[in-house]
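Down below is the structure, laid out as structure tokens.
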Amino acid sequence: MKHLTHLLIILLLAGCTATPSTPDPEPDPEPAPAPIPIGPKVVLEGIYATSEKTPFYVENIFDEGKDAFWQTMPGAGPDEGLMLYFESPTYIDHMKIEQPGATAVMAFKQIVLYGNGQKLDTFDLANKINIQQELNSLYIRISEEGITKSSTRMINEETSLVQTTFPGTQSIGIANLSLYNTEGDKLYLVPPKTLRGRVRASTTLEPEGSYHAGQLFDSRKDFVWVEGAEGHGEGESLLLQTTSATRFDAIKIWNGYQRSNEHWTKNGRVAKVSIGDGVNSHEYDIRDAGKPQLIKLIEPLTVRELHVNILDVHKGSRYADMVISEMRLYDNEQIMVIKTTERENFKQNLLEQAEGTVLENLLDRRIKNKITEEYDYAYYFDKSIILRSDYSFVVYEYNEIYEVDQEKEEIIAEGNWELLELEPGIAKIKVFGKYINLSELNDFYKGVSNNSVLAIFKDELTINDNEIKGDKFFETFYIQ
């Protein structure tokens, strides 16, 4: 049977030779400031966009205007989206979305919402978007309805293929996102304060594009910093730099590799750190637990550089690599993140490298196939893949089998990818991450994963002008 859950899944996270992290150039200007407080205050612990074109950052959706907005990379539209993490459970009655109306931004008509990891429903923007529940997280996924074109062809006598495309020069975007309570009051959403600066690591596991320290503040718990030294990570360090002196009185750490319980167990975690200004420091014990931990500093610091040194490590059951998934900085109740240019630098370098190759018109574009096979039974599957220029990927797959009974399943796979080979007419990449069967799991995007319906995997994909073909996990995606 040709679908993901019937394939053998193996994950081998191989350690590679470590190389020092390279310094960032000066960051881009800060995103638009947060609006003046109006309505009940709701603090966001993290926000991120799956695709983002500089300088159209996700933070722009909170500025109450349409001049600044969030925009995807050119060619990125369907299946991209935004994630919001609430600091405490928040009841949301309904939401509104305003779109930019810019020439290069195509208006979309539908969204798919995931609340607390569970798929809620598909919503038309022309109608009221009723949520009416308490949420810890909210993911907004852009639907393809009305913004794509399709063409049909036969692969063979039994198999028909529908291919769906989105214009390569267009993007999608959101100018304003508004959430409301049951009284109809608009919630005052407070995202983390953005600090311009750099995050430097003493070492980083290769490929650096997948494991760099800038990911510690990107709100994506699946995308992590991994040290790259020999041993288990004792003696490694992080240097958190800001462009102006800032007061810090606490740090929150998401310890270990939080992509899944299996990733967390098999890789190393921090056991003890020292935190200071480079002259004076204090030591802090870190619990060996998957939940985020708030470290109250013994003495608040007002500095431009915060030094975090790894003194001891909880060893992983299989791999020597020590991992930290996320960090947040605090000044009293103010949550802060450091915005670096690392992610953008890796994107631009890859886009330049891809020019004139099979990847040029593939990066940041969704490849969508709908396939129907007619044998003694009918088998239908609808699948898409996006290889993003920030070295992340996502696959959505929906399967229906009509035999005696109708069987349905919906699967999402996501993670990192690494370029192995790029030659004229061909590219080979390695993909690694996790997949979740939404038909059985109501925990996706929540940050907590049940291993009985979650699997970790790796695969190698071969890409030419006509197809993307997996070695063992992914089936073929037809490009033309």
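This one's a predicted model, so the numbers in the text were calculated from it and none came from an experiment.
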Residue Lys193 excluded, over 12 heavy atoms near NZ under 6.0 Å: no
Residue list, side-chain contact (heavy atoms from CB on, under 4.5 Å) with Glu157, at least two apart or on another chain: none
cation_pi(Arg153, Tyr478) dist<6.0 Å, angle<=45: yes
Residue Glu333 excluded, over 12 heavy atoms near CD under 6.0 Å: no
Rounded distance [0.5 Å steps], CG in Asp390 versus CD in Glu344: 9.5 Å
Atom pair CH2/NE2 of Trp225 and His212 - distance to nearest 0.5 Å: 13.5 Å
Trace of the side-chain contact (heavy atoms from CB on, under 4.5 Å) decision for Ile131 with Met95: CA-CA 7 Å; Ile131 299 176; Met95 66 180 288; 3.8 Å; yes
Distance (rounded to the nearest 0.5 Å) between Glu355 CD and Thr357 OG1: 9.0 Å
Donor-acceptor pair, side chain of Thr90 and main chain of Ser88, under 3.5 angstrom: yes
Parallel, tilted or perpendicular: rings of Phe474 and Phe457 (30°, 60°): perpendicular
Validation row: Ile411, Phe381 side chains within 4.5 angstrom (heavy atoms): no
N-O pairing of Arg220 and Asp218 below 4.0 Å: yes
Salt bridge (charged side-chain N to carboxylate O under 4.0 Å, His left out) against Lys383, all qualifying residues, sequence neighbours excluded: none
With sequence neighbours excluded, residues passing ring-ring contact (aromatic ring centres under 6.0 Å, His included) with Tyr391: Trp417
Minimum side-chain heavy-atom gap Phe393-Ile429 below 4.5 Å: no
Results of salt bridge (charged side-chain N to carboxylate O under 4.0 Å, His left out) for Asp331 - residues two or more places apart only: Arg247
Pair listing, salt bridge (Lys or Arg N to Asp or Glu O under 4.0 Å) test, anchored in residues 83-92, at least two apart: none
Heavy-atom closest pair, residues Val337 and Pro192: CG1-CB, 3.9 Å
Qualifying residue, where the test is side chain to side chain contact (heavy atoms under 4.5 Å, CB included) with Leu120 and the options are Leu113, Asn130, Ile129, Val112: Leu113
Heavy-atom side-chain contact between Met327 and Phe217 under 4.5 Å: yes
Donor-acceptor contact present, side-chain Thr72 to main-chain Ala76, <3.5 Å: yes
Atom pair CD1/CG of Ile61 and Leu82 - distance to nearest 0.5 Å: 5.0 Å
Considering all heavy atoms, the nearest Pro74-Arg365 contact: O-NE, 3.6 Å
Non-hydrogen atoms of Phe69 and Ala102 that approach each other most closely: CZ-CB, 3.9 Å
Thr148 side chain reached by Lys368 side chain, heavy atoms, under 4.5 Å: no
Donor-acceptor pair, side chain of Thr246 and main chain of Ser244, under 3.5 angstrom: yes
Heavy-atom donor-acceptor pair, Glu342 side chain to Gly214 backbone, under 3.5 Å: yes
Atom of Pro191, atom of Phe62 and distance for their closest heavy-atom approach: CG-CD1, 3.7 Å
Nearest non-hydrogen partners of Ala413 and Tyr435, listed with the distance: CB-CB, 3.6 Å
Asp79: salt bridge (charged side-chain N to carboxylate O under 4.0 Å, His left out) partners, not counting sequence neighbours: Arg141, Arg366
Value rounded to 0.5 Å, distance of CD1 in Ile367 from CG in Leu387: 8.5 Å
For Lys109, all residues meeting side-chain hydrogen bond (donor to acceptor under 3.5 Å, both in side chains), sequence neighbours excluded: none
Under 3.5 Å: donor-acceptor pair, side chain of Gln258, backbone of Asn255: yes
Donor-acceptor contact present, side-chain Asn345 to main-chain Thr341, <3.5 Å: yes
Side chains of Lys434 and Asp222 in contact at under 4.5 Å (non-hydrogen atoms): yes
Of all pairs that satisfy ring-ring contact (aromatic ring centres under 6.0 Å, His included), the ones with a partner from residues 152-187, not counting sequence neighbours: His94-Tyr180
Heavy-atom side-chain proximity of Val42 to Leu179 below 4.5 angstrom: no
Side chain proximity check, Leu84 to Leu177, heavy atoms < 4.5 angstrom: yes
Non-neighbouring partners of Ser389 that pass side-chain hydrogen bond (donor to acceptor under 3.5 Å, both in side chains), sequence neighbours left out: Asp364
Val395 and Phe477: CA distance, side-chain angles, deciding distance, side-chain contact (heavy atoms from CB on, under 4.5 Å) verdict: CA-CA 11 Å; Val395 170; Phe477 289 86; 4.3 Å; yes
Heavy-atom pair of closest approach, residues Ser210 and Asn416: O-ND2, 3.6 Å
Side-chain donor or acceptor of Thr265 paired with backbone N/O of Glu262 under 3.5 Å: no
Partners meeting salt bridge (charged side-chain N to carboxylate O under 4.0 Å, His left out) with Lys96 (sequence neighbours left out): none
Interatomic spacing from CG in Asn156 to CG in Leu161 - rounded to 0.5 Å: 10.5 Å
Residue pairs passing the salt bridge (Lys or Arg N to Asp or Glu O under 4.0 Å) test where at least one lies in residues 124-136, sequence neighbours excluded: none
side-chain contact (heavy atoms from CB on, under 4.5 Å) partners of Asp185, counting only residues at least two apart: Pro40, Asn181, Glu183
Side-chain donor/acceptor of Glu80 to backbone N/O of Ile142, under 3.5 Å: no
Any donor-acceptor pair under 3.5 Å from Trp70 side chain to Ile172 backbone: no
Glu414 and Ser392: CA distance, side-chain angles, deciding distance, side-chain contact (heavy atoms from CB on, under 4.5 Å) verdict: CA-CA 7 Å; Glu414 65 173 3; Ser392 70; over 6 Å; no
Pairing of Lys221 and Glu326 as salt bridge, 4.0 angstrom limit: no
Donor-acceptor contact present, side-chain Asn116 to main-chain Asn136, <3.5 Å: yes
Close side-chain approach of Phe223 to Arg259, heavy-atom, < 4.5 Å: yes
Full working for side-chain contact (heavy atoms from CB on, under 4.5 Å) between Asn176 and Asp63: CA-CA 7 Å; Asn176 292 297; Asp63 71 351; 3.7 Å; yes
